Protein chains: 2
Amino acid sequence: MDDILHSCYQELQKRHIRLTPQREAVLLVLYREKDEHLTSYELFEKAKKIYPELGLATVYRTLELFQEVGLLREVQFDKGLTQYELRDPQDGHHHHLVCKHCGYPQEIDGIFPEKLLELITEETGFMITDYCCQFYGYCEKCRVNSDKDGKQAKVEELTRGEVLKDART
Amino acid sequence: MDDILHSCYQELQKRHIRLTPQREAVLLVLYREKDEHLTSYELFEKAKKIYPELGLATVYRTLELFQEVGLLREVQFDKGLTQYELRDPQDGHHHHLVCKHCGYPQEIDGIFPEKLLELITEETGFMITDYCCQFYGYCEKCRVNSDKDGKQAKVEELTRGEVLKDART
DNA sequence: TTCCTTGCAAATCCTTTGCAAGGGT
DNA sequence: ACCCTTGCAAAGGATTTGCAAGGAA
């Protein structure tokens, strides 16, 4: 499954989209850090190392372009924090487990049953072409840690979460 | 299912959170327009009609407070567009079908099987306390309409979508 | 030549913060 | 008296836009 980069090149070519050095720099960084959920600015800084003349506006324009073409997807984990991830234009849904404690978005793949999607379409008439889910809770590491120690800030935040959880039970 | 407002009042009282006229105005608008997915500014304008001295900053502060308490949830359909929806602090997950054509986020409830969540927890060790999914595609209305007529802008946008869909098939 | 793409700086939009004032407890 | 809450204006951050210049087709 390493040909996602190849798929991307192919997709761009197929659509006669010029692959400028700026765009390629962005694409390469997205590929290299594809497990990292980069923000636009992080992406900009990293891509600048490949192509130093690069401007931030160009990064935004490139991200928008890539998105239209289906090469990447925006994910919003927090208000005002947009992250981007490369995706194989051929396929591929994956979802995120966002820990309320450490905030780290962990990825999960393929658990989603296609039947569920069919069911939704049947019931609503809505034709689903794409989807994306976020799950909130506590990751394994944070659950273990919070049983033992508890640094000030972390504990406070955890308490909030617990309260929320209680309210729902 | 009309007692969501009641649950909210109860929840605030339980936590000894003062219900100022500003906060109540926000709550009432959220309740009244609970199917509308208001943005902060829309909310502000509508709440202002109830309590004209209301300031925008207060709306933001109130939204943050309500969110901590579990009275509402933020939903991000588009970059830079945060919408808020009231939720029963007692329960309730629901998801959205976002039409790529008309952009209208339609809600669906309860289709999500609990087993799926358990499965995820088993496989990842991640304890899910909350989740939220967005499905993208074309709603029934838009699918029907696009078969018949096609206004300029709409057709153009639809084409984009179709292309994306093709790329995935 | 014409169209596409870019960098830079300015503009815009959404949200948060500082602060002094008002009100509840 | 003390703490919470507010409105206003200013600040902050992310993203977009205007524009003139450089390059590809």
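Chain letters run A, B, ... following the sequence lines, proteins first and then strands; every chain starts at 1. Since the model is a prediction, treat every value here as computed from it, not as a measurement.
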Next item on the list: Have a look at A/L71 and tell me which of A/I4, A/I17, A/L12 forms a side-chain contact (heavy atoms from CB on, under 4.5 Å) with it.
Entry: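 It is A/L12, the one option of A/I4, A/I17, A/L12 that forms the side-chain contact (heavy atoms from CB on, under 4.5 Å) with A/L71.
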
Side chain [X], main chain [Y], donor-acceptor under 3.5 Å:
X	Y	answer
B/E42	B/T39	yes
B/T62	B/T58	yes
A/R23	A/R18	yes

Rounded interatomic separation in angstrom, taking [atom1] from [X] and [atom2] from [N]:
X	N	atom1	atom2	value
B/L19	C/dT25	CG	P	12 Å
A/L63	D/dA14	CG	C1'	13 Å
A/L38	D/dT15	CG	P	13 Å
B/E64	C/dC14	CD	C1'	15 Å
A/Q67	D/dT15	CD	P	11 Å

Next item on the list: Identify whether any heavy atom of B/T39 sits under 4.0 Å from a base atom; if not, whether one sits that close to sugar-phosphate; answer base, sugar-phosphate or nothing.
Entry: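 No contact at all - B/T39 keeps every heavy atom at 4.0 Å or more from the nucleic acid.
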
Checklist line | Contact letters for nucleotides 2-7 of chain D, in which S counts primed atoms plus P, OP1 and OP2 and B counts the base, heavy atoms under 4.0 Å | finding: --SSBB

Checklist line | Note: A/K46-A/E33 ion pair, threshold 4.0 Å (strictly below) | finding: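 Yes, A/K46 and A/E33 are salt-bridged.
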
Check: According to a strict under-4.0 Å criterion, is A/S40 in side-chain N/O contact with OP1 or OP2 of D/dA14?
Finding: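 For D/dA14, neither OP1 nor OP2 has a side-chain N or O of A/S40 closer than 4.0 Å.
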
Next item on the list: Could you tell me whether the phosphate oxygens of D/dT15, OP1 or OP2, come under 4.0 Å of any side-chain nitrogen or oxygen in A/Y60?
Entry: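 It does, given that an N or O in the side chain of A/Y60 lies less than 4.0 Å from OP1 or OP2 of D/dT15.
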
